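Report on the following structure.
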Amino acid sequence: MSFPLLTATAALPAVGAIATAAVPAARRTAAKWLALLVSLATLALAVTVLVRFDPDGSRYQLTESRAWIAEFGVRYELGVDGIGVALLALTALLMPFIILAGWHDADPLETKSSRWRPTQGFFALILAVEAMVIISFAATDVFLFYIFFEAMLIPMYFLIGGFGDRAHAGSDENASAQRSYAAVKFLLYNLVGGLIMLAAVIGLYVVAGNFSLQEIAEARANGTLDMATSTERWLFLGFFFAFAVKAPLWPLHTWLPNAMGESTAPVAVLITAVVDKVGTFAMLRFCLGLFPEASKWATPVILVLALISIIYGALLAVGQRDIKRLVAYASISHFGFIILGIFAMTSQGQSGATLYMVNHGISTAALMLVAGFLISRRGSRLIADYGGVQKVAPVLAGTFLIGGLATLSLPGLAPFVSEFLVLVGAFARYPVVGIIATIGIVLAALYTLVLYQRTMTGPVKPEVSAMPDLRVRELVVVAPLIALLIGLGVYPKPLTELVNPAVKHTMSDVQQKDPKPDVEAAK
């Protein structure tokens, strides 16, 4: 049997989490270094997965299959397609930067209400989330996917509620209450979605007799599995609801601003750049793969919800006074673009949506982490408390600007290619939807440039006059992300070649072809 590379890639951070948690309390620095080394080793394995993956090969590669709960047809099945391997690599790539950025976020404080900050626990939880997300991107057994889709809620709950943002207006007691509220809201929303999905998972087993994604797809293709239309639609809704909560899609989005606002900046990145991607990824792999007819049936409503997310999230971002909540609402708008690309049912739209997942992860990580460095210096998340930062910390301001410009999808930066493909795909089949979605681009430019103007330009406020520029550790975090944004913006071909074959398989699942251009109408 060949080396189980996907299992090793997921198992390494899981073992690292246990080892980090076991480090003696007095050895906080050792725990940090252990977590960082584990994340780097996991990145090395992820790069190996990426190198060994052949975009022109079979749909699922590096597959593993072992009996697990034989009585119920549950197997331990892993395999990655081009979309899964891209997101797996993104997850492994971001983790070392998240750990480095949060190097001091869990150090003990002297105040009474904040005394509980076990560093070992903080980094162990981050590694545990990484392991569960990697399994989710690789699982081809529906039940296996569901277990880790739900299990990642537990470490995320403790990361939000137990290690919240220290730059919180008001008393320590109020800050603790806000963190608890955000953590509970995150958990309840996602648990409700997960319970509904569990009912759909059981229903799928009753209909199909197993949980294997590949076997179910083959049975549908050769006609041995004939799912009633009403059954397929109900099962689709059960799966989609859970993924829409995780994504987050309007109106199931309200947990995200609270969770990101009350988390430390690295944990906020973990939420929106890594964990939430499981929701949109699962729409492609499970909703379209398992329920193609129901996916087409639900498309008009989903497109409307995606448009609302795009416009609503951007409008609320424009009016925000809190830096981190602004980034959260901007992410809701961006996830609307991703879902729009998925359900436009065109190869350009789905390729753009996949690229958007990757590029949004990098751009949001760059912007949010720099924002976290800014907030830690001033001790405030309020935009009004800043001004003139570019005069005292030009490198910080410059990286903040590049992250912001990537967020508004400036040409030459990675997200532009993604957004362009999504809009091209939407215009090809739903021109009115594409036209409305472009409003989100205008609003993105507004909230991004206003944020930069109010924080970085103008007179230097006394409170920021002595603000230090980015330190070496912070530059090590930010510089590679900025380089990736520019590199993938100028030359996205390696990423598109990786995901396009997988997108063709997904289009085949839903039996859709790209609409031909109307040449006569263009004349």
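Here the structure is a predicted model, which is why all the values come from computation and not from measurement.
To the nearest 0.5 angstrom, L369 atom CG is 9.0 Å from L367 atom CG. Between the OH atom in Y157 and the OG atom in S180 there is a gap of 6.5 Å [rounded to 0.5 Å]. Separation of atoms CG (L213) and CD (E218) is listed at 10.0 Å; rounding is to 0.5 Å. Remark: I126 CD1 to F163 CZ distance equals 9.0 Å, nearest 0.5 Å. To the nearest 0.5 Å, the span separating CZ on R59 from CD1 on I83 amounts to 8.0 Å. Between atom NZ of residue K246 and atom CG of residue D276 there is a gap of 8.0 Å, rounded to the nearest 0.5 Å.
The backbone N or O of L303 sits nowhere less than 3.5 Å from a side-chain atom of Y430 that would complete a donor-acceptor pair. A donor-acceptor pair is defined here as one N or O able to donate and one able to accept, closer than 3.5 Å; such a pair exists between the side chain of T438 and the backbone of I435. No donor-acceptor pair under 3.5 Å is formed between the side chain of S58 and the backbone N or O of Q61. One N or O on the side chain of E64 and one on the backbone of L6 form a donor-acceptor pair closer than 3.5 Å. The closest donor-acceptor contact from the side chain of W250 to the backbone of I310 lies at 3.5 Å or more, if one exists at all. Looking at T280, its side chain does come within 3.5 Å of a backbone N or O of K277 through a donor-acceptor pair. Between the S263 side chain and the A268 main chain, no donor and acceptor come within less than 3.5 Å of each other.
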Q) When you look at V80 and Y60, which way does the side chain to side chain contact (heavy atoms under 4.5 Å, CB included) test go after all the steps? A) CA-CA 5 Å; V80 286; Y60 294 107; over 6 Å; no
**Request:** Could you walk me through whether F145 and V278 pass the side chain to side chain contact (heavy atoms under 4.5 Å, CB included) test, one step at a time?
**Result:** CA-CA 10 Å; F145 169 84; V278 177; 4.0 Å; yes
- side chain to side chain contact (heavy atoms under 4.5 Å, CB included) between F241 and L252, intermediate numbers included: CA-CA 9 Å; F241 184 86; L252 305 171; 3.8 Å; yes
Does K324 form a side chain to side chain contact (heavy atoms under 4.5 Å, CB included) with E262? I'd like the steps, not just the answer.
CA-CA 9 Å; K324 292 170 71 175; E262 299 305 323; over 6 Å; no
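Between F97 and V269 there is no side-chain heavy-atom pair separated by less than 4.5 Å. By the 4.5 Å heavy-atom criterion applied to side chains, N258 and Y181 are counted as neighbours. No side-chain heavy atom of I160 sits less than 4.5 Å from a side-chain heavy atom of R179. Between L40 and M95, the closest side-chain pair of non-hydrogen atoms is not below 4.5 Å. W255 places none of its side-chain heavy atoms less than 4.5 Å from the side chain of L188. Residues E130 and I134 form a side-chain contact, since some pair of their non-hydrogen atoms from C-beta on lies under 4.5 Å apart. No side-chain heavy atom of L125 sits under 4.5 Å from any side-chain heavy atom of V129. Here the side chains of Q348 and L423 are not in contact, with every heavy-atom distance at 4.5 Å or above.
Legend: residues meeting side chain to side chain contact (heavy atoms under 4.5 Å, CB included) with A86, ordered by chain and number and at least two apart, are V358, L495, L498, V499. For the side-chain hydrogen bond (donor to acceptor under 3.5 Å, both in side chains) test, no residue two or more places apart in sequence or in another chain qualifies with T140. Residues passing the salt bridge (Lys or Arg N to Asp or Glu O under 4.0 Å) test with E77, sequence neighbours excluded: R75. Remark: L195 engages no residue in a side chain to side chain contact (heavy atoms under 4.5 Å, CB included) (not counting sequence neighbours). Here N359 pairs with S418 under the side-chain hydrogen bond (donor to acceptor under 3.5 Å, both in side chains) rule; sequence neighbours left out. Partners of S351 by side-chain hydrogen bond (donor to acceptor under 3.5 Å, both in side chains), not counting sequence neighbours, listed by chain and number: N500. T364 meets the side-chain hydrogen bond (donor to acceptor under 3.5 Å, both in side chains) test with H360; sequence neighbours excluded. Residues forming a ring pair (Phe, Tyr, Trp, His ring centres under 6.0 Å) with F427 (at least two apart in sequence, or on another chain): none.
W68 has its ring centre no less than 6.0 Å from the ring centre of Y76.
For G79 against T63, the heavy-atom pair with the smallest separation is CA-CG2, 4.1 Å. The two atoms that bring A406 and L485 nearest to each other are CB-CD1, 3.8 Å, heavy atoms only. Scanning both residues, P257 and T254, for their nearest heavy atoms gives CD-O, 3.5 Å. G82 approaches F53 most closely through the heavy-atom pair N-CZ, 3.3 Å. The minimum heavy-atom distance between A314 and Y447, with the atom names listed, is O-CD2, 3.7 Å. Closest approach of G238 and A200 over heavy atoms only: CA-CB, 3.9 Å.
Between Y312 and S333, the side chains place no donor N or O within less than 3.5 Å of an acceptor N or O (distance only, hydrogens not considered). If you check the side chains of Y329 and Q320, you find no donor sitting under 3.5 Å from an acceptor.
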Sequence neighbours left out, cut at 3.5 Å: what donor-acceptor pairs do the side chains of residues 147-156 make with other protein atoms?
none

Only pairs under 3.5 Å count here: list side-chain donor-acceptor contacts from residues 42-52, not counting sequence neighbours, and write none if there are none.
residue: T42; atom: OG1; partner: V38; partner atom: O; Å: 2.8
residue: T48; atom: OG1; partner: A44; partner atom: O; Å: 2.9

Enumerate, atom names and distances included, each donor-acceptor pair closer than 3.5 Å involving a side-chain atom of residues 334-344, sequence neighbours excluded.
residue: H334; atom: ND1; partner: A330; partner atom: O; Å: 3.2
residue: H334; atom: NE2; partner: T407; partner atom: O; Å: 3.2

Name the atoms and distances for all side-chain donor-acceptor pairs under 3.5 Å in residues 283-294, with sequence neighbours left out.
residue: R285; atom: NH1; partner: F137; partner atom: O; Å: 3.4
residue: R285; atom: NH1; partner: A139; partner atom: O; Å: 2.9
residue: R285; atom: NH2; partner: D81; partner atom: OD1; Å: 3.4
residue: E293; atom: OE2; partner: K296; partner atom: NZ; Å: 3.3

